[in-house]
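Below: the structure, in structure tokens.
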Amino acid sequence: MKIDRRSFLGLGLGAAAGVAASPVTWKLTDDSSIWTQNWPWTPVPRDGEVSFDDTVCTLCSGNCGISIRKIDGRAVKIEGKKGYPVNDGGICLHGISGLQYLYDPSRVRFPMVKSGDNWKQASWEEAIALVATKIKELRKNGMADSLACVTGSDQGSIAGLYKRLLMAVGSQNFYTTDTMDKSWEMLIAKMHGVSAAAGFDIANSDYVLSFGTGFIEGWGSPVNNFLANSSRKERQAKFVQVEYRLSNTAAAADVWLPAKPGTETDLALGICSAMITANLYNSEFAQKAGKDFDAFAKLVNEKYAPELVSRTTGIDVSKIKNIAVEFAKAKAPLAIAGRGKGDSAGSLMEFAAVHAINCLAGNINKVGGFWTLEKQPALTWPSLEMDDAATKGYAKPPVGAMVANVSGSSGAGTSGAGISGAGIFSAVVSSVSGQTTNSVSRLFEVVNISEKSPVELLMVYNANPCFTLHNAKAVKDAVNKIPFVVSFSSYMDETSQLADVILPSHMFLEMSQDIYSGAGIAQKVTAISKSVVTPVFDTKNPGDAIIEIAKAMEGSIASSFPWKNYDACLESVTGKLWASLSEEGYVASELTPPATSVAADFSVFANFSGIPAIEGEEKSYPLTLVSVDTIRLASGVFASSPFAVKTVEDTVLLKNDTLIEINPETADKVGVCHGDYAVISTPVGEAKVRVNVFDGIMPGVVAMPEGLGHSLGAAGEVVTKDGAGMARIVGATSIITTTGGVSSKTGALENRYIGGKGINVNDLIGPVTDPVSGLDVAWGIRARISRV
Amino acid sequence: MTQDNHGKAHKFGMVIDLDKCTGCGSCMVACMSENNVPFKEDETNKKDSLTWMTVFKLTNEKKFPETDICYMPRPCMHCGGKGDHGHSPCVSVCPATATDYGYDTGIVSQIYTRCFGCRYCMGACPYHARYFNWWDPKWPDGMEEYLSPDVSPRMRGVVEKCSFCYHRYQEARDRAYYEERRDNIEEGEYQTACTQACPAGAITFGDLHNPEHQVYKLVKPDPHQCGKPRNPKAFRLLERLQTNPKVYYISEREWVRKAGDNYRKGEWGQEKQPVHDKGHK
Amino acid sequence: MDSALIPEGAKRCPFPVFATGIAVVGAVLLWGVYAMGLCWLKGLNQTNMNDYYGFAIWIWADLAVIAIGGGAFFTGLLKYVFGIDELKNIINLAVVIGFICYSSALLILAIDIGQPLRGWFIFWHANVHSMLTEVAFCLSLYFAVLTIEFIPLILENRQIDKVPFFHNLSHNMHGIMAVFAATGAFLSCFHQGSLGGVAGVLYGRPFAYREGLLVWPWTFFLFTWSAAAYGPCFTLLVAKMFEGITRKKLVKDNVIHLLAKISGWMITTYIIAKIIDTIYWAGVTAPDMGFSFMDFYSNNSFYGIWILFTEIVLCGIVPAVILTIKKYRENKKLLLVAICLGVFGVCLNRWVMVLQVMAVPVMSFDTWALYLPSWQEIATTILPVAYGIILISLAYRYLPIFPQEQELYGTK
Ligand SMILES: Nc1nc2c(c(=O)[nH]1)N[C@H]1C(S)=C(S)[C@@H](COP(=O)(O)OP(=O)(O)OC[C@H]3O[C@@H](n4cnc5c(=O)[nH]c(N)nc54)[C@H](O)[C@@H]3O)O[C@H]1N2
Ligand SMILES: Nc1nc2c(c(=O)[nH]1)N[C@H]1C(S)=C(S)[C@@H](COP(=O)(O)OP(=O)(O)OC[C@H]3O[C@@H](n4cnc5c(=O)[nH]c(N)nc54)[C@H](O)[C@@H]3O)O[C@H]1N2
Ligand code: SF4
Ligand code: SF4
Ligand code: SF4
Ligand code: SF4
Ligand code: SF4
Ligand SMILES: [Mo]
């Protein structure tokens with residue numbers, strides 16, 4: 001057949017029509033759309049049987065009850081536990097994000113030993129033997145006391161095991177990070193003469209006067225506070241917030257009193273003065289306090305009369321008097337101190353001034369008032385054996401000892417720098433109730449100023465001092481100087497990056513432990529958490545790690561740790577409580593006033609002449625930088641989860657830049673507009689930031705959020721046992737991140753969802769030591785902003 | 001096209017007390033966690049960040065110290081549309097029927113596998129409640145283990161939004177049918193993830209057609225005004241556009257209520273009422 | 001070299017010159033194709049669009065090419081339905097432009113959707129309430145019509161015409177072209193309108209929303225009208241460009257002036273309607289939603305009142321005056337000014353109805369959203385322009401798109 005042009009075309013058209021009409025076209029079209037619905041790179045979650053498992057969230061001191069929803073045993077969602085005394089079903093955004101912490105890319109997946117710039121995988125046996133050998137060597141050389149330990153809190157049996165190990169080895173160098181709870185405990189000891197924790201019955205108070213507490217920014221027990229705040233309308237309770245910035249708490253309050261930063265104490269005493277003058281105070285307390293009270297009355301009336309205080313604080317006299325009257329006349333008034341989330345300590349005298357208002361109102365240990373709560377139920381530890389080396393070492397004072405000095409309220413202007421001049425190994429100045437404080441800031445300061453580090457081996461558990469302590473850069477220097485650092489962190493955080501060995505802990509969903517509700521809640525809840533998910537990586541309960549280290553050291557140390565494992569230890573030390581704890585999961589104590597009514601000792605105010613000033617002089621630093629908390633950013637040991645970071649506003653973090661918040665007036669003076677870049681300098685450091693202009697902040701004050709500026713990941717490579725690089729295993733590539741102008745190279749185990757974002761405000765603020773309590777009480781620093 | 005629902009259609013809705021809301025963001029995260037919402041390394045461009053529930057921050061624009069702020073959580077409003085007939089701004093424009101109005105629930109659905117990504121619905125929604133998957137969803141290695149099978153992860157190129165946690169409704173409904181209660185779902189049986197999580201108890205969820213439910217009691221929707229609240233402290237966002245949202249806000253603060261809509265100079269307080277078509281039902 | 005393909009008696013530039021020109025434009029085309037490939041493979045994250053700007057430059061380009069392509073349906077309508085025979089001398093050009101514009105619009109839509117492989121859902125799962133459904137149906141059908149209108153022109157190529165089958169086919173198709181033109185005009189009226197409806201039905205967007213007739217908002221009618229009014233301006237502009245580049249007279253003045261006059265009167269009536277619409281919207285529709293007119297034109301650096309002035313006065317009233325008054329219309333320079341303003345004006349109108357709609361805040365606490373397209377968006381927007389240039393150059397070179405060329409050339 002001859003194919004001419006015509007038949008060719010005919011054939012072509014015919015074929016085309018045929019194909020179009022055949023099912024092939026339609027099938028292919030359909031397939032193409034089905035394919036887009038089944039892209040292999042879009043995950044398909046497995047289905048299965050639904051179950052729930054309860055435990056307690058320990059991401060913050062709130063310790064909410066949580067319920068984990070599982071599908072076929074796989075955890076898929078965390079929800080608040082209904083009926084739990086702390087949170088009754090509510091939950092904060094960090095708690096919900098718990099599962100993101102479980103699979104966080106910066107999790108340390110197995111024990112690791114530093115080798116040069118890189119990390120090498122080790123087995124648990126090797127890593128534990130290494131640490132045990134180091135400690136043994138120190139003891140052999142008579143340096144038992146050069147073993148130090150930093151933890152986030154001294155509550156619970158795991159912290160107890162660390163403390164016990166130190167004691168058995170022979171060292172008093174056990175440190176916890178400073179929090180407002182510590183300040184309150186010291187104050188209660190001084191003013192009420194009892195060893196107790198502070199409880200605030202916010203939910204039953206009809207008048208709360210807060211001095212800068214981030215009541216709904218994460219202070220105390222966050223969810224508990226939220227619930228109390230929400231019921232305010234129905235309870236007809238009033239809430240007054242004293243703060244230099246319109247925080248979310250201030251915005252939620254009925255009255256916002258923007259007192260100038262650092263004058264909260266003045267305001268508190270001014271209110272006391274107004275109450276005394278108007279004879280609106282509880283005379284029972286005053287009579288018991290005797291002439292100490294008269295001295296206090298004289299002090300406040302002469303130096304802190306509302307008229308005088310009005311000038312320093314910037315609050316109208318009438319407002320001060322009005323607050324005093326309202327407070328005194330309220331049925332259940334309550335004054336609270338402890339800035340922001342309460343993650344840092346506060347000046348003891350500031351707390352005393354605020355608490356004096358409570359005492360004047362006489363609402364101690366009453367419904368809706370301030371409570372002195374029995375501290376955590378005592379754990380029953382077996383007796384401890386100390387050999388010679390231990391006894392000798394334990395006799396030596398701790399490196400970071402600060403002896404609180406109550407009579408010598410040496411007044412304003414004392415800063416961290418001033419303290420550093422004091423004798424290095426001798427404890428600083430005299431006594432309060434004979435109580436010495438181990439100050440973690442002081443510890444690192446001493447390490448830095450000593451020629452050779454007095455700490456040979458540092459263990460860090462549930463703490464990240466290289467990020468959370470003031471002047472974090474100096475803390476890093478100190479940690480670098482310590483010859484051997486053992487981290488028990490689950491994450492490649494700032495402190496574990498500088499460690500020599502990491503013995504990675506389970507994260508909270510993977511482990512059991514005993515938990516005690518913290519300050520802020522007027523009820524003590526003791527709980528037991530349990531492992532609700534199978535550990536994802538080769539990690540351990542830190543309690544087990546400590547017991548194994550002790551066992552590896554043999555002798556008296558090993559015999560001081562007689563338990564088979566941590567779970568056995570937990571069961572034995574919780575003693576009588578164990579039965580109900582293991583059955584119910586928690587035990588909540590009812591509020592019962594102590595048998596004997598507490599008296600108030602006003603002698604703390606003898607020689608009072610103010611509180612420590614923040615660092616820096618006004619001339620070169622005309623502004624005040626304050627670190628502020630926001631509930632959407634985790635600012636403690638844990639970095640924020642990807643979910644949490646997602647909720648952060650673009651007026652706080654923009655790309656990798658932190659925004660500082662300033663008033664339009666301040667912006668005009670500096671000559672910057674919203675969104676502009678600027679450099680903020682303080683006596684401690686400087687950083688490039690962007691500007692967020694906001695009307696709700698006092699002119700002259702600069703606010704910077706806590707919780708940014710993390711670098712999470714290992715510098716260098718992580719080499720696994722089979723010789724393969726971790727970077728290859730997790731698919732991470734080495735990148736250069738710029739954090740605060742400093743280049744830090746991170747590679748494997750990297751979290752880029754929060755890591756590398758923004759500036760750590762603690763790099764700009766140095767510690768300020770409270771001469772009364774010995775704690776670091778810095779809340780800000782003087783600063784300057786310049787345009788770029 | 002009212003479906004027979006044994007004589008009674010639901011109208012699920014939400015009431016948010018703005019005076020209780022603290023701006024904590026739990027609702028946002030609860031939603032992301034419940035609904036497998038993905039995340040990226042940089043989420044600071046809020047205009048391409050998937051947050052079915054988002055919390056706006058409003059200010060009264062006054063100078064220090066008269067400044068005030070208010071946080072306004074915004075899920076999808078599940079608009080009933082003009083006359084509350086189900087022609088929501090978004091549903092009425094979707095060319096492929098990939099988003100639809102549930103006449104038995106009042107819920108505006110989103111069918112990811114049907115959506116072809118034209119984004120017309122996003123232009124139609126004045127609340128920015130719709131989000132486009134500009135990127136493939138990606139979880140760090142291993143993290144996809146926590147994904148829930150109740151809600152399918154979305155593929156790149158489709159639109160997603162708040163579903164009022166529809167899968168929770170399905171579960172409650174299934175249980176009700178199984179227990180031979182037909183469609184009789186108790187108030188507590190179907191609650192959204194954000195409502196459940198809110199630590200401030202600022203969110204209330206329920207059936208606006210059921211006078212026993214809290215949401216009804218709080219706002220007292222007017223059936224002759226397409227559900228306009230009769231509680232003077234309650235309002236709906238952009239009431240004047242007649243989108244007829246099923247999300248209501250409550251605030252004692254006048255400036256907050258005023259910020260809920262647009263008013264020309266001098267109009268506030270004596271604003272023209274939108275002339276609603278006759279309400280649904 | 002390719003002289004055998006060139007229409008008889010027509011003079012064209014040497015093939016190497018032509019090939020070089022095509023190669024240069026082809027390079028731009030390839031750049032666009034590359035960007036298109038990126039968008040298809042990697043997704044729309046290649047653009048600068050976001051959740052506030054779900055519709056952006058592509059939709060504008062779509063609306064704009066369809067508006068300026070409106071010359072095809074309107075000229076067809078005038079010639080075939082109203083029997084204005086002189087227009088046969090420009091109808092071929094109008095059809096080619098129309099074909100290019102509509103094929104470009106379809107291409108852009110295929111890039112613009114997040115799931116291109118599911119594009120056919122718009123037909124399969126059609127929602128009859130959606131303006132976009134109407135757009136999709138009318139657009140595809142009208143594109144089919146334009147293809148049918150284009151085919152006889154291709155068949156008129158000197159070589160193809162030699163094949164008896166094609167010669168006859170062409171002849172027969174011409175015979176029934178009126179039916180297609182009428183169908184096309186009807187379809188086109190609808191989809192031009194539904195494109196206007198796309199914005200006009202958005203009752204959540206007070207800047208775009210218009211009341212209307214039955215299910216169609218006023219913008220529906222305004223879009224059809226403006227496309228009919230301004231489309232011929234673009235046809236004339238392309239003719240003028242050809243004349244400029246080839247330095248030859250290709251269309252007789254009487255044809256040009258006739259089309260210009262028709263366009264002028266259309267613009268006049270359109271702009272009156274547009275002014276009435278604007279006044280009603282500004283005075284009644286928007287205030288009912290709580291907006292004063294100036295809310296839409298202030299507080300930002302770009303969308304000032306200038307934009308409305310430019311659209312209505314500069315690009316509406318001015319060309320209307322020039323084109324309706326014989327003296328001005330017949331002044332070569334003024335004519336050129338008028339058709340340029342016309343083309344710019346209708347594109348600006350489409351810009352406003354897409355981009356400004358997205359930019360205007362609706363919630364009282366929302367802010368203006370501004371947007372800059374990414375290079376991928378720009379390249380893919382230029383892609384159809386390059387494609388159009390190539391196609392029209394080929395058409396000019398090998399097809400008799402200017403029937404008067406020979407006559408004019410001969411008498412010159
Ligand atoms: N309890 C209950 N059961 C029902 C119904 C109900 O209302 N309640 N409704 C019934 C009805 S109408 C229907 S249509 C069916 C629907 O039932 P299914 O078809 O099971 O629908 P889904 O649960 O929505 O999605 C199924 C799975 O697809 C996954 N998936 C999502 N996207 C993709 C993808 O791109 N690729 C692949 N491979 N997987 C993907 C999801 O993660 C999910 O695990 O259920 C029926 N059964
Ligand atoms: N958010 C979200 N949206 C979705 C989906 C999703 O998974 N999530 N899935 C999509 C899918 S796959 C589908 S099929 C649709 C389903 O969407 P719909 O078709 O709306 O399905 P249902 O919600 O099951 O509603 C069916 C209605 O029928 C009523 N009904 C039950 N039995 C009978 C009967 O015997 N007679 C009559 N007359 N009525 C009866 C029920 O009470 C109910 O009101 O939803 C789509 N939309
Ligand atoms: S408040 Fe604290 S304890 Fe409660 S869920 Fe949040 S992080 Fe966990
Ligand atoms: S969880 Fe509740 S309090 Fe927190 S932002 Fe959402 S609605 Fe407001
Ligand atoms: S809020 Fe937006 S997405 Fe939700 S129903 Fe209304 S228009 Fe649609
Ligand atoms: S983007 Fe999807 S849901 Fe939205 S209109 Fe287009 S097809 Fe419909
Ligand atoms: S109702 Fe469900 S889907 Fe909607 S915002 Fe709340 S949690 Fe998210
Ligand atoms: Mo279905």
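In what follows, every chain begins at residue 1, and chains take the letters A, B, ... in the order their sequences are listed. Computed over heavy atoms, backbone and side chain alike; hydrogens, waters and symmetry mates excluded. Source: prediction; values computed, not measured.
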Might you point out which heavy atoms bring [X] and [Y] nearest each other, and give the distance in Å?
X: C/V198; Y: B/Y120; answer: O-OH, 2.6 Å
X: B/P126; Y: C/G204; answer: CB-O, 3.1 Å
X: C/M49; Y: B/W134; answer: CB-CH2, 3.4 Å

Please examine the side chains of B/L241 and C/V362, heavy atoms only from C-beta on, and report whether any two atoms are closer than 4.5 Å.
yes
Are C/L132 and B/C118 packed together at the side-chain level, in the sense that at least one heavy-atom pair is separated by less than 4.5 angstrom?
yes
CE of C/M363 to CE of B/M72, rounded to nearest 0.5 Å, is 8.5 Å
Please state whether the side chain, the backbone, both or neither of [X] comes within less than 4.5 Å of a heavy atom of chain C.
X: B/V159; answer: neither
X: B/T99; answer: neither
X: B/T59; answer: neither
X: B/Y127; answer: both

So, is the end of the B/K82 side chain (NZ or CZ) under 6.0 Å from the ring centre of C/Y203 and within 45° of the ring's axis?
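Judged by the rule, B/K82 and C/Y203 form a cation-pi pair.
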Salt-bridge contact C/D112-B/R119 (side-chain N to carboxylate O under 4.0 Å):
yes
